[in-house]
Trainee: 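Encoded as structure tokens, here's the structure I'll be asking about.
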Amino acid sequence: MMKRVIGMTLAVMLALPGMSMAAKVKIGFINTITGAEAPIGENLTNGVALAVEDLKKKGIDVDLVKEDDTGKPEKSLSAFEKLATRDNVAGVVGPYTSACANAVASRADQYKVPLLVPAAAKEEITQKGYKYVFRLNAPADVYSSVLMDAVLTLGKPKTIAYVYANTDFGISTVKTAKEYAKKIGLKEVADEKYQKGAPDFRSTLTKIKALNPDLVFMVSYEVDAITLMRQSKEIGLTPKAFLGAGAGFTTDQFLKQKDVSNLVFSSTQWTEDVNWPGAKDFYKRYKAKYHKEPTYHAACAYEAMIIMAETAAKNGGNRDKTRAGLKSGSWNGIMGQVKFVDYGKFNNQNNHEMLVQQIQNGQYETVYPTKYKTRAPIYPFRWK
Amino acid sequence: MNDISKKSAEGGFSTVGAVAALLVLAALYAFPSFVESPYALHMMILLFLSTIMGESWNIIGGYTGQYSVGHAAYFGAGAYGTLILLQKWEIAPWKGVWAGIAAALVLSLVIGSICFRLRGPYFVLASIAVAEIVRLTVLNTPSVTNGAEGILLSDLPPFKIGETVITDFVSKVPFYYIGLTLALLTILATWGVQNSKLGYFFQAIREDQDAAHSLGINLSLYKNIALALSAMMTSLAGAFYAIYIKFIDPTTVLPLDLSVQIVLIAIIGGIGTIFGPVIGSLVLVPLSEALRSNLIAQGLINSGLVKEDSGLGVFLKEHLAHAHVLIYGILVVVVILFMPDGVIGFVRKMSARKR
Amino acid sequence: MTLSVFLQSLISGILIGGVYALIGIGLTIIFGVMRVINFAHGDIMMVGMYLTFYLFTLFHVDPFVSIVITIPLMFLFGAFLQKVFINRIIGTLPQNQILLTIGLGLIISNSAMLAFTSDYKILTTSYSSGSFKLGEISISQPLTASFIITVVITAILYWFLMKTDTGQAIRATAQDREAAQLMGINVSRMSMLAFGIGAAMAGTAGALISPTYYIFPQVGSAFTLKAFVITVLGGMGSIVGATLGGIIIGIVESVGAVAISSDWKDVLVFAIFLLVLLVKPSGLLGRSRM
């Protein structure tokens, strides 16, 4: 007991000036820990764990209630209802998948529990006018628009081929990409959906190769990205640029496939080399702790937990005040400037600026927007 | 003859049984007046949903002995039928559900005419294949089904009789009563099947197809009837799921996982019995929720048995959440090895031994 | 579709079909001898993939060489599963067999998750995206190697089942369990052998696909489904049938993707599957069991 008191006093003394006592706050976290979506969910788990550590250093003691939704909406709903009514959390971070976030978002207003979605991309989630639902990451349409913007600064491509997963994310991303392509006069030469997880894309890629497109636009949320690139090389598909939307192109594993990933462009919510406060430090500590590079999911989840916990702590765990705090607040952390605003069809959506990175010599280099640029983009593409 | 002996064996008509059943029923109908917790109501709704699915499968799998592992197709048919009509033409779900049921019926007849040419394991595999075709077709016809993006329902129109609004579906209570009523209906339907000529034919087919055939039972006719009944009941579960969760897509209402889940409910409880699927649901729903939300670790910590800061406490809190499907799998294996006739069969055997 | 596109798809279809065939052969042997549909088949394959992955990353054993370690280990694993679990439910109700293998599958995949986390593991060899060129057509090096290995293994297996005493005992058990028992064949030993061989085949398929694919705990379920289709297509219990079935599925997927579309190719696979069931329910090379 005595030790504890001394420890706490020390902690308080060491804490930032102005923070007079350790605030305890109960936050729920719904994630996909098991099931087919678990590989990505893992990144969110790690990001949140790191956030809880950092919050403790800042004097905010988070009582984290972790819930696994196994990637199923009805389980996610169970989790949310448990958090809202049984655990009485101040706010909830999650769920990870779009399907789950969609289902849960509709209940947030009902229970008046602030919900901060860290990484789900489905646009509708923040388009329904829910008061208690906030989203940190940029929705699916930005994944393609930022890539197209980046390409326009490079050259004058004329044709484009789409290869994408037949998933919610794949379809909505390509939809926006097509609208954009039309606007800038790109001619579509192929539109190929594939089933997630397929081991063989060779025939599809051969067909595309015969059409000789300038741009190949791929959407793969999973490691399919690696399979696609390996087989593209094998077949000898060589467009002027490979554009990758979705997490599959932004992972550590993808980067390590040096033979096939070099010079691929991809859009991401986060990179460590932007000048957002704490981003580099987060990258280093994450890598030291988990022995792999953080994906943008990890960064999104980290920042979402920080924002939710700080806001809830400031408002004594009161849900309504926390909601108001989220709505009016603004943060500047590892995800850059965060503010939940209403624009276009969106409500309470952080108008997050996505980045385009290109792999050069085994490194992700930010190449767009120009203000965050670490290297000049290399165009056209050639195999290593 | 057989029917009568069955009835008395079930003991369904004893006064004690009837009074107990009525009491349980009354308690179930009164439940929402006493319990306001949405979490508890949600659990009950999931319980009803599971019961509906289990009872439905029981008709074809339990009574008729045809182990369909493709029931997700009918579940999806109910869910999609109802929501497509609601989304595109604003047809209220209590009307739209009939389209879902009809879709499931047609589907079951098509599937039946293909798969019932096959027996045993061949039938199992064929049923999986057909369900996969249904899933892929839904995925690949976005103009009708919205494909992989799924259908998101923003509002459920209020249920009106004449001009009076009966419920606006804001709280969980209406869903509770719909679920309860549907579950009771499926139990009643199962009871009806068991105590009719139809049930007799079904069971004859299950026990020995060739013998049933030589008795003059039209195998393909009765198998198809059983599948159709089962499919229509399953589609009700799908429709109910759709209006309750308000979001469906091929990966949530049509996957192989779901088909397997449906089979588990009945087998764990005890197949070919009226209350088997109820028992199965009573075991599986709370169990998987307790495992999923790590209630066990929490309980151990709260009870003071394990200190939260101790190594074991941290380990339980961190890892038990990851292991819940593993524990679930172990339980499934244990049940099969030690209770091959499900919980009901096990209890019966134990009580017989005591006597 | 130009000729070169067609030939390219045909060749990659045949090559990938070789790996599918191996998965199917494993399942078909297990089913043939025990009449058990193994829902954990893909998960067993997943174990083989992890084994290959760690042999490669920790001990730098090339995936194609590592099968000499994978095969016996996976055989033991399969025999263990059979002895401890499957053996207890042979001859009981079919629903229990389904359930048991489903349960085992859950245990295997989730244990893998606890042991290796749910991260994707990628096995990168120097030849992962290597290819030979034949005019305009490129042929994957790793797939060619795995195809050749598949052919060799299948041939050895076929010889084993046809020519050796043990092989004949296994076949006798598959044909008629009771008669085999009466003839003095140790049926439960044969079942253990069969499950071991089945698991070894699944594990080998996992090893062969590892250099061009990726590994995670839930990777198996997609392959379980594929194995079902292949075995029924070829005729349950028929090794030649499963080989043929695997290659047919490979070709249909590959050529279907260019001839029709990549999103409908799987429907095509299942449609062919049903068509075969309707016309010849015993499968292409199976004996009728109607």
Side-chain angles (χ1 to χ4, degrees), chain B residues 61-62 65-67 69 111 113-115 117-126 128-137 139-142 147-148 255-257 260-261 263-264 266-268 271-272 319 322-342, chain C residues 31 35-37 39-40 84-85 88-89 92-114 117-118 217-218 221-222 224-225 227-229 231-233 236 261 263-275 277-278 281-283 286 289-290:
Chain B
Q66 306 299 310
Y67 302 111
V69 191
I111 293 179
S113 63
I114 299 172
C115 299
R117 298 162 51 104
L118 307 161
R119 283 190 186 178
Y122 296 88
F123 174 77
V124 173
L125 296 182
I128 295 176
V130 181
E132 278 298 293
I133 292 184
V134 172
R135 182 180 69 84
L136 291 165
T137 308
L139 192 61
N140 291 328
T141 45
L256 177 58
D257 270 12
V260 169
Q261 198 63 39
V263 179
L264 279 182
I267 298 185
I268 296 265
I271 65 171
H319 292 282
H322 286 77
H324 69 92
V325 188
L326 174 65
I327 298 172
Y328 190 87
I330 293 174
L331 284 170
V332 167
V333 169
V334 167
V335 165
I336 279 311
L337 292 184
F338 300 103
M339 307 179 192
D341 298 317
Chain C
F31 179 81
R35 297 285 181 277
V36 169
I37 306 177
F39 274 79
V84 178
F85 299 103
R88 294 168 191 260
I89 46 126
T92 62
L93 302 165
Q95 77 267 17
N96 290 0
Q97 304 174 350
I98 296 174
L99 202 59
L100 182 71
T101 54
I102 289 173
L104 285 177
L106 286 177
I107 295 176
I108 297 172
S109 61
N110 282 280
S111 306
M113 199 182 90
L114 283 184
T117 76
S118 48
Q218 273 80 24
S221 53
T224 306
L225 202 61
F228 287 170
V229 172
T231 4
V232 178
L233 193 63
M236 285 218 201
S261 79
D263 43 343
W264 284 99
K265 66 171 189 187
D266 291 320
V267 178
L268 194 66
V269 168
F270 286 114
I272 288 180
F273 169 77
L274 282 182
L275 205 67
L277 281 185
L278 280 175
S282 53
R289 287 218 181 80
M290 281 285 280

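Small disclaimer: the values here were computed from a predicted structure and weren't measured.
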Trainee: Can you tell me which portion of Val232(C) sits under 4.5 Å from chain B's heavy atoms? Options are side chain, backbone, both or neither.
Mentor: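 Just the side chain, heavy atoms under 4.5 Å.
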Trainee: Answer with side chain, backbone, both or neither: which region of Val263(B) has an atom nearer than 4.5 Å to a non-hydrogen atom of chain C?
Mentor: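 Neither part, no heavy atoms under 4.5 Å.
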Trainee: Would you say that Ile128(B) contacts Phe39(C) through its side chain, given a criterion of any heavy-atom pair below 4.5 Å between the two side chains?
Mentor: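 Yes, at least one pair of side-chain atoms sits under 4.5 Å.
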Trainee: Sort Leu100(C) into side chain, backbone, both or neither according to what part of it lies under 4.5 angstrom from a heavy atom of chain B.
Mentor: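 Both backbone and side chain.
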Trainee: Taking all heavy atoms of Val333(B) and all of Leu104(C), pick out the closest pair and write down the distance.
Mentor: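 What the structure gives for the nearest pair is CG2-N, 3.8 Å.
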Trainee: Can you say whether Leu337(B) sits under 4.5 Å from chain C via the side chain, the backbone, both, or neither, judging by heavy atoms?
Mentor: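 Just its side chain gets close to chain C.
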Trainee: Roughly how far, to the nearest 0.5 Å, is the CD1 atom of Ile114(B) from the CG atom of Leu274(C)?
Mentor: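 One gets 5.0 Å once the value is rounded to the nearest 0.5 Å.
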Trainee: If you look at every heavy atom in Ser111(C) and Leu326(B), which pair is closest and at what distance?
Mentor: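 What the structure gives for the nearest pair is OG-CD1, 3.4 Å.
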Trainee: Which bit of Phe85(C) comes within less than 4.5 Å of chain B, counting heavy atoms only: side chain, backbone, both or neither?
Mentor: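 Both backbone and side chain.
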Trainee: Leu225(C), Val229(C), Thr231(C): which one forms the most heavy-atom pairs within less than 4.5 Å of chain B?
Mentor: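 Among the listed options, the one with the most contacts to chain B is Leu225(C).
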Trainee: When rounded to the nearest 0.5 angstrom, what is the spacing between CD1 in Ile98(C) and CD1 in Ile336(B)?
Mentor: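 Going from the CD1 atom of Ile98(C) to the CD1 atom of Ile336(B) covers 10.0 Å.
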Trainee: Grab the two heavy atoms, one from Thr137(B) and one from Val267(C), that are nearest each other, plus how far apart they are.
Mentor: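 Shortest heavy-atom contact: N-CG2, 4.5 Å.
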Trainee: Non-hydrogen atoms of chain C under 4.5 Å away: do they reach the side chain of Ile271(B), the backbone, both or neither?
Mentor: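 Contact with chain C involves the side chain of Ile271(B) alone.
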Trainee: Search all heavy atoms of Asp263(C) against all heavy atoms of Asn140(B) and return the closest pair with its distance.
Mentor: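 Closest approach of Asp263(C) to Asn140(B), heavy atoms only: O-ND2, 2.6 Å.
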Trainee: Give, for atom CG of Leu139(B) and atom CH2 of Trp264(C), the distance between the pair rounded to the nearest 0.5 Å.
Mentor: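 So the CG of Leu139(B) and the CH2 of Trp264(C) are separated by 9.0 Å.
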Trainee: Is chain B contacted by the side chain of Ile102(C), its backbone, both, or neither, given a heavy-atom distance below 4.5 Å?
Mentor: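 For Ile102(C), the contact with chain B is made by the side chain alone.
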Trainee: Quick check: closest heavy atoms across Ala129(B) and Phe273(C), and the distance to 0.1 Å?
Mentor: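 In this case the closest contact between Ala129(B) and Phe273(C) is CB-CE2, 2.9 Å.
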